[in-house]
Amino acid sequence: MAEFLSLHDAVARYVQDGSTVAMEGFTHLIPFAAGHEVIRQKKRDLTLIRMTPDLIYDQLIGAGCARKVIFSWGGNPGVGSLHRLRDAVEKGWPHPVEILEHSHAAMACAFEAGAAGLPMAVLRGYIGSELPSVNEQIRFIECPFTGERLAAVPSVRPDTSIVHAQKADRHGNVLIEGIVGVQKEAVLAASQSIITVEEIVDELDTHPNACVLPSWAIDAIAVAEKGALPSYTHGYYERDNRFYKKWDEIARDRDTFTQWLNDHVLNSAESAGGQV
Amino acid sequence: MAEFLSLHDAVARYVQDGSTVAMEGFTHLIPFAAGHEVIRQKKRDLTLIRMTPDLIYDQLIGAGCARKVIFSWGGNPGVGSLHRLRDAVEKGWPHPVEILEHSHAAMACAFEAGAAGLPMAVLRGYIGSELPSVNEQIRFIECPFTGERLAAVPSVRPDTSIVHAQKADRHGNVLIEGIVGVQKEAVLAASQSIITVEEIVDELDTHPNACVLPSWAIDAIAVAEKGALPSYTHGYYERDNRFYKKWDEIARDRDTFTQWLNDHVLNSAESAGGQV
Amino acid sequence: MGSEYTNSEMMTVTAARALENGTTCFVGIGLPSEAANLARLTHAPDVVLIYESGTLQTKPDILPLSIGDGELSDSALTTVAVPEMFRYWLQGGKVDVGFLGTAQIDRFANLNTTLIGDYREPKVRLPGGGGAPEIATSAGEVFITLKHSKRALVKDVDFITTVGFGRDGKARDGVPNIGRGPSRVITDLCVMKPDAETRELVVVSLHPGVTREDVVEATGWEIRFAEQLETTPVPDENELSILRELKARTERAHSGQQE
Amino acid sequence: MGSEYTNSEMMTVTAARALENGTTCFVGIGLPSEAANLARLTHAPDVVLIYESGTLQTKPDILPLSIGDGELSDSALTTVAVPEMFRYWLQGGKVDVGFLGTAQIDRFANLNTTLIGDYREPKVRLPGGGGAPEIATSAGEVFITLKHSKRALVKDVDFITTVGFGRDGKARDGVPNIGRGPSRVITDLCVMKPDAETRELVVVSLHPGVTREDVVEATGWEIRFAEQLETTPVPDENELSILRELKARTERAHSGQQE
C-alpha cells in the first residue's frame with residue numbers, strides 16, 4: 001500500500017548507501033526532484049541503473065553519489081556528452097565510477113524480465129557487437145526448439161526504483177501517460193519504489209487500458225510539482241531544451257558544476273520543483 | 001498496409017486449408033462473424049490456436065474445420081463443457097481432432113514471444129504439473145546466471161490471426177479497448193491478419209497510450225457489425241450470457257448442433273452480425 | 001443462533017472469511033469468485049481482486065459468468081493485456097493469494113482439471129489448466145474451494161494439472177521462487193489444511209452439524225482430523241443477506257435479455 | 001541549375017530521398033531524424049516513422065532534440081512502452097529500414113558509438129550503443145548518414161558497437177533472422193554502398209562538385225569507387241525550402257523559453 005510521504009522522508013527511508021537504484025523516465029518524466037533529494041541527503045556508493053543516464057545521473061555522479069552506473073546510452077540528448085560521467089569514468093573525479101553497458105534492447109528486456117519476476121531476459125541481440133566482450137553479463141543460450149543462438153542478460157531487480165508520474169489519486173494509485181518508457185517495469189521490478197507526482201487528485205479519470213500503477217504495488221508517493229524539470233511531464237509542462245543545452249557548459253568544468261550544485265541543489269531547500 | 005475487404009474476401013484470401021489460424025479475444029471481442037465465415041467457406045484441416053476455445057472453436061470443430069487445437073482452457077465459461085470439442089476428442093466426431101494443451105501463462109507468453117519475433121518463450125511455469133508429460137513442446141532450460149530451471153515453450157506464429165476490434169479509421173488503424181487479451185500479440189505474431197471491426201470512423205479519437213494496431217501491421221480489415229456476438233464489444237454491446245447457457249443444450253447433441261449450424265451459419269448469408 | 005443457511009452458503013462464507021482485508025487475490029471463476037466478492041462486500045472492502053482476463057483491482061457489482069465479463073473491466077482500476085497479467089502481476093510476485101476451484105483434488109492438494117481416466121483415452125475430458133498451474137506456484141499461498149464428494153476428493157488425482165504438494169508431498173521442497181502452496185481447502189463440509197510435516201490435508205474445522213463420519217464418507221482417502229478439531233463459525237445475518245443479494249443480482253443479470 | 005545549398009543540405013536531401021514512401025523506418029536522433037522527416041514532408045508522406053521512445057508513426061512538426069520529446073508522442077498514432085517497442089516492433093520484424101547516425105564507421109560499415117581508444121583506457125568516451133546494435137540486425141536494411149571525415153570513416157573501428165558486416169565482411173553470413181544490414185551510407189560528399197561480394201563500402205555516387213580526391217582525402221581507408229560512378233542529383237527548390245523551414249521552426253522552438 002502506497003504511503004504518502006514528503007520527498008525527504010521517502011528518500012531517507014528507501015534509498016540507502018550502497019543501494020542499487022533505478023531512476024527511470026525515457027527522456028520524459030525524469031525524476032529530477034527526487035535525484036536532487038538523493039544528492040542533498042549525500043547518499044553514497046549507489047549502483048545507478050538507467051537506460052539513458054541523462055543529466056540526472058550526470059548530476060548524481062558529479063555529486064559523488066555513484067559507485068557504478070549500468071546504462072545503455074550515456075549522452076546529453078541532442079547536445080553531446082555527459083561531462084560528469086566522462087570525468088568520472090576517464091579521470092576518476094570526484095572518484096572512480098565503474099560502468100556496465102548494454103544496448104537499449106537488452107536493458108528494456110532486462111527491465112521487462114525484472115517486472116516479470118524472471119532471473120534473465122532473452123532477446124535476439126548483440127549479434128556481431130563487441131559489447132559482449134566488455135560486459136560479462138551478456139551471455140548466449142540456445143533455443144531448445146530451433147537451436148538459434150539468443151542473447152541472455154540478467155534481469156534488472158533494483159533495491160529501489162524512483163519514477164515521476166502525472167498524478168496519484170487519494171488511494172495512491174498512479175497514472176503515467178505519454179512516453180511511458182520502462183517506468184512501470186522499473187517499479188514492478190524493484191523491491192521498493194518511490195513515485196513522485198505532479199499532483200494528487202480525487203479521480204484519475206482515465207481510460208480503460210491506461211498505464212496505472214496500483215497503490216499496492218508502490219511503497220511511497222511524494223508530491224513534487226514540476227518534479228521532472230528540465231525534462232517534462234506530458235499534460236503539465238514542456239521539456240526545457242534550453243537547460244539541456246546550457247548543461248553542456250555547466251557540466252564541462254568541475255568548478256562551474258560544483259558551483260551549480262551548491263547553488264541549485266545542496267543549498268536549496270527541498271523544493272516542490274526540480275531545481276534547474 | 002491494411003486493405004478494406006468484405007469478410008468473405010478476407011477469409012477467402014487469408015485462410016487456406018491446412019493453415020494455422022489463431023482467432024483470439026479473451027472472452028471479450030471473440031471474432032464469431034469471422035469464424036462463421038470460415039465455416040461457410042468449408043475450410044478444412046486447420047490448426048486452431050486459442051487460449052480459450054470457447055464457443056467459436058466448438059462451432060468450428062463441430063463443423064469439421066479443425067485438424068488440431070492448441071489451447072489452455074477449453075470450456076464454456078461459467079457453464080460447462082464444450083461438447084463439440086469433447087465429442088471430437090473423445091469420439092472422433094465429425095472426425096478426430098488432435099489437441100495440444102498448455103497453461104494460460106505459457107500460451108500468453110508464447111503469443112508474446114511470437115509478437116516479439118522470438119522462437120520461444122521462457123517462463124517460471126509448469127512446476128510440478130504433469131502437463132509436460134503430455135505435451136512434448138514444453139521443455140526446460142537453465143538460467144545461465146542463476147542456474148534456475150525455467151520452462152520454455154515454442155512461440156506462437158500463426159499463418160493467420162483473426163481478431164475483432166471496436167473500430168478502424170479510414171487509414172486502417174485499429175483501436176482495441178477494454179479486455180485486450182492477447183489480440184495485439186496474435187496479430188503481430190502472425191504472417192497475415194484479418195481484423196473485423198464494428199465500424200469505420202474518421203478519427204479513432206483516443207488516448208496517447210491506447211492499444212492501436214497501425215494499418216501497416218494488418219493485412220485485411222472487414223466490417224462486421226456485432227461481429228463478436230454472443231461475446232461482446234466493450235462500448236457497443238454486452239455479452240449474451242443467455243446464449244452461452246443455451247449453447248450447452250445445442251452443442252450437447254450432434255443433430256441439434258447440425259441443425260443449428262445449418263440454420264444459423266451455413267444457410268445464412270454472410271451477415272454483418274455474428275449469427276447466434 | 002444465526003439464521004438458516006445452506007451448505008453452499010456455509011462454504012462460501014467460510015471461504016470469504018479466509019480472505020483478509022488488504023490481500024491481493026488472483027481469483028478463479030465460479031466458487032472462488034463468489035467467495036472473494038463476498039469478502040470484498042463484507043469484512044474486506046480493500047481486498048484487491050485480480051482476474052486472469054487482465055482486470056486489476058476489479059469490483060464487479062454482479063458475479064461474472066466468464067472470466068472476462070465486461071463488468072470486470074468496467075469496474076477495474078485498469079485492464080492490462082493477458083501476457084502482462086501473467087508475467088508482471090502473477091509471475092512478478094504481486095499476488096498474495098491464489099483462489100482456485102477444481103474438479104478433483106487429492107490428499108496432497110494436487111488439482112486435476114484436465115481429465116478423468118487416462119490422458120489418451122479420457123473417460124471425461126475437463127477444460128484443462130487455464131491459469132491454475134502458475135497461480136498455484138507464483139501466488140504467495142493458495143486457497144481452494146470445492147464441494148465435498150468422493151468423486152472430487154480422491155486419494156490420487158488422475159492427472160496433476162496444478163501442483164499442490166506433488167505425489168509425495170515434497171514437490172515444493174527446495175524449489176526456488178515458489179509460493180507456499182495450498183494453505184487451506186474449504187468445502188461445504190469442513191476446512192482442511194496441509195499437515196506441517198507430511199503436507200497431507202487434515203480436517204481442522206467441521207461446519208456446524210457436520211460429523212466426522214459425514215466427511216469420511218465423502219472423502220476418497222482415509223482422511224485425518226486435527227487433534228484440536230474446531231467448529232466453523234456460522235455465517236452471520238449480514239454475510240448471508242449480502243451473499244443472497246449478490247446472487248440474486250447476478251441471476252437477474254445473466255438470465256435477462258442482453259440489449 | 002538548382003539553388004545554392006550547403007554540403008549538409010545535400011547530405012540531408014540525399015538521405016531523405018533514400019527513404020521510399022510507405023516505408024516503415026526506425027529513426028535515430030540527429031541527422032537520420034532530420035532526413036526522415038524531410039522525406040515525410042516531401043516525397044514520402046506515408047513513410048512511417050518510429051522512434052525508440054515508443055512513439056509509433058509519429059509526425060513531429062519540429063525536429064525533436066531528444067529521442068523522447070513531447071512532440072513525438074503528441075503527434076504519434078500511439079505510444080507504447082519501450083520494452084514493447086524493442087520486442088514487438090523492432091525484434092518482431094515490423095521495421096523496413098533502420099536509419100542510423102554514428103561517430104565512427106569502418107570499411108565494413110561497422111559502427112562505433114562507444115569510445116575512441118581502448119575500452120579500459122578510453123581517449124574519448126562516447127554515449128554507447130542505445131538502440132543501434134539491434135536496429136542494425138532486426139531492421140530489414142540499414143541506412144547510415146554522417147559527415148565525411150578521416151576521423152569518422154576509419155579502416156577499422158576502435159570498437160564494434162553495432163555490426164555492419166563485421167571485421168571480415170562476413171558477420172551476417174549464415175546467421176538466421178538477421179536483416180540485410182547497411183545498404184547505403186550517405187555523407188556530405190558521396191553515397192557509398194557495400195560491394196556485393198566483399199561487403200566493403202564503395203562510393204557509388206559523388207555529390208555535385210565533389211571530386212574523387214576529396215573523398216579519398218576524407219576517408220581513413222583506401223576507398224574504392226564504383227565503375228559506374230554517378231553524380232548525386234541536386235536538391236530541388238521544394239526540398240530546400242521545406243528543409244530550411246523545418247530547421248528554422250526547430251531552432252525557434254528549441255531556443256525559445258519553455259513555458
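The structure presented is a predicted model; accordingly, all values stated were derived computationally and were not measured. First the proteins, then the strands, lettered A, B, ... as listed; each starts at 1.
- Counting only N and O atoms by type, the side chains of Y236(A) and E199(A) include a donor and acceptor under 3.5 Å apart.
- Sorted by first and then second residue, the salt bridge (Lys or Arg N to Asp or Glu O under 4.0 Å) pairs involving residues 100-122 of chain A (not counting sequence neighbours) are E101(A)-R125(D), E112(A)-R87(C).
- Using modelled atom types and a 3.5 Å distance limit, the side chains of H83(A) and D248(A) yield a donor-acceptor pair.
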Give the intermediate values and the outcome of ring-ring contact (aromatic ring centres under 6.0 Å, His included) for residues F26(A) and H104(A). CA-CA 11 Å; F26(A) 201 89; H104(A) 275 352; 5.5 Å; yes

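- Contact tally against chain D (heavy-atom pairs below 4.5 Å) for S72(A), C109(A), C211(A), G75(A): the top residue is S72(A).
- In terms of non-hydrogen atom pairs under 4.5 Å with chain A, the most contact-rich of V82(D), V163(D), I178(D), T113(D) is V82(D).
- Annotation for E249(A): atom CD does not count as buried by contact number, only 12 or fewer foreign heavy atoms lying within 6.0 Å.
- When each of S33(D), P127(D), G70(D), G68(D) is checked for heavy-atom pairs under 4.5 Å with chain A, P127(D) comes out on top.
- Neither the backbone nor the side chain of L111(D) comes within less than 4.5 Å of any heavy atom of chain A.
- Between chain A and the residues D69(D), T162(D), T137(D), the most heavy-atom pairs under 4.5 angstrom are made by D69(D).
- In this model, no donor atom of one side chain and acceptor atom of the other lie less than 3.5 Å apart for S231(A) and R239(A).
- Between the side chains of T47(A) and R67(A), at least one donor N or O sits under 3.5 Å from an acceptor N or O.
- Q91(D) touches chain A through backbone and side chain together, each having a heavy atom under 4.5 Å away.
- Contact annotation for V124(D): both backbone and side-chain heavy atoms come within less than 4.5 Å of a heavy atom of chain A.
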Are W247(A) and N76(A) close enough, and set up right, to give a side-chain contact (heavy atoms from CB on, under 4.5 Å), and what steps lead you there? CA-CA 9 Å; W247(A) 183 252; N76(A) 179 344; 4.1 Å; yes

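- Using modelled atom types and a 3.5 Å distance limit, the side chains of T58(D) and S75(D) yield a donor-acceptor pair.
- Judged by distance alone, the side chains of K226(A) and T233(A) never bring a donor and an acceptor atom under 3.5 Å apart.
- The greatest number of non-hydrogen atom pairs below 4.5 Å with chain D, out of L82(A), I127(A), V134(A), L131(A), is found for V134(A).
- At a 4.5 Å heavy-atom cutoff, the contact between L65(D) and chain A is made by backbone and side-chain atoms alike.
- Other residues, nucleotides and ligands place more than 12 heavy atoms under 6.0 Å from the CZ atom of R249(D).
- Note that CG of L29(A) and CD of Q166(A) are 5.0 Å apart. Values are rounded to the nearest 0.5 Å.
- Most heavy-atom pairs under 4.5 Å with chain D, from the set L123(A), T27(A), V89(A), V180(A): that is T27(A).
- Interface summary for chain A: among P176(D), G128(D), G130(D), the most heavy-atom pairs under 4.5 angstrom belong to G130(D).
- Interface residue Y119(D): only side-chain heavy atoms are found under 4.5 Å from chain A.
- Only the side chain of Y232(A) comes within contact range of chain D, with at least one heavy atom under 4.5 Å from a heavy atom of that chain.
- For E121(D), no part lies under 4.5 angstrom from a heavy atom of chain A.
- Contact annotation for R172(D): neither backbone nor side-chain heavy atoms come within less than 4.5 Å of a heavy atom of chain A.
- For L85(A), no part lies under 4.5 angstrom from a heavy atom of chain D.
- Using a 4.5 Å cut-off between heavy atoms, K245(A) touches chain D through its side chain atoms alone.
- Listed options F71(A), Y244(A), F111(A) were ranked by heavy-atom pairs under 4.5 angstrom with chain D; first place goes to F71(A).
- At a 4.5 Å heavy-atom cutoff, the contact between T55(D) and chain A is made by side-chain atoms alone.
- If you measure heavy-atom distances from A81(D) to chain A, the contacts under 4.5 Å come from both the backbone and the side chain.
- The candidate with the highest count of non-hydrogen atom pairs below 4.5 Å against chain D, out of K184(A), R124(A), H28(A), is R124(A).
- For the residue pair E198(A) and H164(A), a side-chain donor N or O sits within less than 3.5 Å of a side-chain acceptor on the partner.
- Contacts between M107(A) and chain D at a heavy-atom distance below 4.5 Å are absent for every atom of the residue.
- N110(D) does not touch chain A: none of its heavy atoms, backbone or side chain, sits under 4.5 Å away.
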Going through the distances and angles, do F26(D) and F99(D) end up as a ring-ring contact (aromatic ring centres under 6.0 Å, His included)? CA-CA 6 Å; F26(D) 201 111; F99(D) 212 143; over 10 Å; no

